[in-house]
There are 2 protein chains.
Amino acid sequence: MEMKVATAVACRDCALYQTAKVLGLETPDCSSLNRVVLRDHPVEKNEVLYREGDSFRYLYLVHSGSCISSATILGRKSQVMGFHLPGELAGIENIGQQKCNHTTRVLEKGSVCQLDFLMLEETLGKDELIRVQSYLLGASAIHARQLQWERSLTGLQTAEQRVAAFLLNLAGRFESHGFPAQKFRLPMSRDAIADYLGLAMETVIRTLKNLHKKELISTQAKNIEILNPTALNALLRS
Amino acid sequence: MEMKVATAVACRDCALYQTAKVLGLETPDCSSLNRVVLRDHPVEKNEVLYREGDSFRYLYLVHSGSCISSATILGRKSQVMGFHLPGELAGIENIGQQKCNHTTRVLEKGSVCQLDFLMLEETLGKDELIRVQSYLLGASAIHARQLQWERSLTGLQTAEQRVAAFLLNLAGRFESHGFPAQKFRLPMSRDAIADYLGLAMETVIRTLKNLHKKELISTQAKNIEILNPTALNALLRS
DNA sequence: ATGCAAATCTGATCCAGATCAACAGTTGCC
DNA sequence: GGCAACTGTTGATCTGGATCAGATTTGCAT
């Protein structure tokens, strides 16, 4: 059977729109807003939003679809650094840097809003600059929290714990953007999950199967249902 | 034989002093500076700088000695999140948060400078606010880079790679603060390294021994000498 | 110096997960 | 519609590192 869930954030819930409002760009005629924000730009699967080494210019808000970031680091050809779900920003990791340090590409086709930083800075008074900086500090803090969460995956010994933590993190993020937390579709391949968690793909597959068998979750291809979040959480504590 | 190395940054090299200068607090009589910065405050081993849940107020610059940060996260009682060497800031991870999300304690006795954020904000004009925010964005970016580096440890398969990466990271940080990169003293226990890297203490010990046997490094208790940085780096690429 | 507690090291065992290999299912493309 | 390429799944094997149990060293306090 097919699971149907909402797949896009409403414009009023879009973080970039909120941002633009906060930044004082929401003039009645939307002229300032439209100079800086490109709304609802469609993107195709595998399209690259920005590449490692590009000079940093845009912040992206995933409106529908999803994205994956990867980076060349510590001598590995490429390591999956994170995923961007509908309602989330991509590119925050570049704040305060000259160049992009991730490559971010589209995982599932959809649309993004794009905020142009160069354009933004051109037309900035002192008060606006203060607001922008405040906002960026907040965004950086949110990003740092997710990074710290990911960093703490290192401390989880078993594959089961890592996969459980991953599913709960996704669930929480979906929920905080207005999607159901119990039932969702994984935007990424098993391979990408494995890379993200530092496991082999086979281990991810077997672990998901095992959690299914234990009736903590239900999996059918990319469709996930979390049946027992409490027990899932308890796994992390053992 | 005893290895002697410098163990404290000079005041003029202290990041907080630089910071204060950048922020325009370096009046001839140091009155503004002294209101906001507590210079060279001695700290004892195991002293807590700030605790998880405390409201965020101070940024610390490790002048001499060293610190360790840990946090309760993902259901673990405590996970080592990072180390703060002489010349480095502690507390940046709290920027943009109300409450501290790490507990940071002194690993080796020494002294710290302390920057009071509350006091700072009280006496801030627009221009100063802009400078402070700029500085904080830069500091956050540096912190995020280290976090990303740590996050990518997840992708390293073997204990040897993780330990090698750890030693090279420490070496680079020592060097960038004016200390020798090849020869230094580990401020932390094997246990803390293990926790930080997500390994068992015994594995860390054996791996260090093994790297010694291969003559890539030389270890004598907490004294480390990196004999072949190139080969050490090459380990990460295999 | 001396002694004691904490930190470090060594050895032995065992198992979770990596790796290899073969195959099935899916998607998209001519 | 059918082939190619990717993605997912299962089974079998093997090894690196966790775990447990001790021995030894280090460094601090007196």
(Q) Whole angstroms only, please: what is the CD1-P distance between B:Ile205 and D:dA18? (A) 12 Å
Q | B:Lys109 NZ - D:dG27 P separation (whole Å) | A | 16 Å
Q) Does A:Lys222 make a side-chain N or O approach to OP1 or OP2 of D:dT7 shorter than 4.0 Å? A) no
Q: Would you kindly compare B:Met201 and B:Lys45 by the position of their nearest DNA chain D nucleotide and give the one closer to the 5′ end?
A: B:Met201
(Q) Between P on C:dT19 and CG on A:Leu199, what's the gap in Å once rounded to a whole number? (A) 11 Å
Q | OP1 or OP2 of D:dG16 under 4.0 Å from side-chain N/O of B:Thr158 | A | no
(Q) Just the rounded figure in Å: distance from P of D:dT19 to CG of B:Asp195. (A) 12 Å
Q: Would you please indicate if the ring centroids of B:Phe83 and B:Tyr196 are separated by under 6.0 Å?
A: yes
Q. Any side-chain N or O of B:Ser189 under 4.0 Å from OP1/OP2 of C:dA7?
A. no
Q: Starting at CG of A:Leu107, measure out to OG of A:Ser189 and round the result to the nearest 0.5 Å.
A: 7.5 Å
(Q) If the threshold is 4.0 Å, N to carboxylate O, is there a salt bridge linking B:Glu93 and A:Arg145? (A) no
Q. Between D:dT9 and A:Arg190, is there an OP1 or OP2 to side-chain N/O distance shorter than 4.0 Å?
A. yes
Q) Taking CG from A:Asn210 and C1' from D:dT10, how many angstroms apart are they, rounded to a whole number? A) 14 Å
Q: Considering just the side-chain nitrogens and oxygens of A:Lys209, establish if one lies under 4.0 Å of OP1 or OP2 belonging to D:dG8.
A: no
**Q.** Integer-rounded Å distance: C:dA16 P and A:Arg162 CZ
**A.** 15 Å
Q) Between atom CG in B:Leu208 and atom P in D:dG17, what is the gap in whole Å? A) 13 Å
Q: Please confirm whether any donor atom in the side chain of A:Arg206 sits under 3.5 Å from an acceptor in the base of D:dG11, or the reverse.
A: yes
Q: For the pair B:Gln161 (side chain) and B:Leu235 (backbone), establish whether a donor and an acceptor sit closer than 3.5 Å, ignoring hydrogens and angles.
A: yes
**Q.** Sub-4.5 Å side-chain heavy-atom contact between A:Val43 and A:Lys109
**A.** no
Q: Please state how far atom NE2 in A:His212 lies from atom P in D:dG8, giving the value in whole angstrom units.
A: 17 Å
(Q) Need one value for A:Gln157: base, sugar-phosphate or nothing, where a base atom within 4.0 Å counts as base even if backbone is also close, heavy atoms only. (A) sugar-phosphate
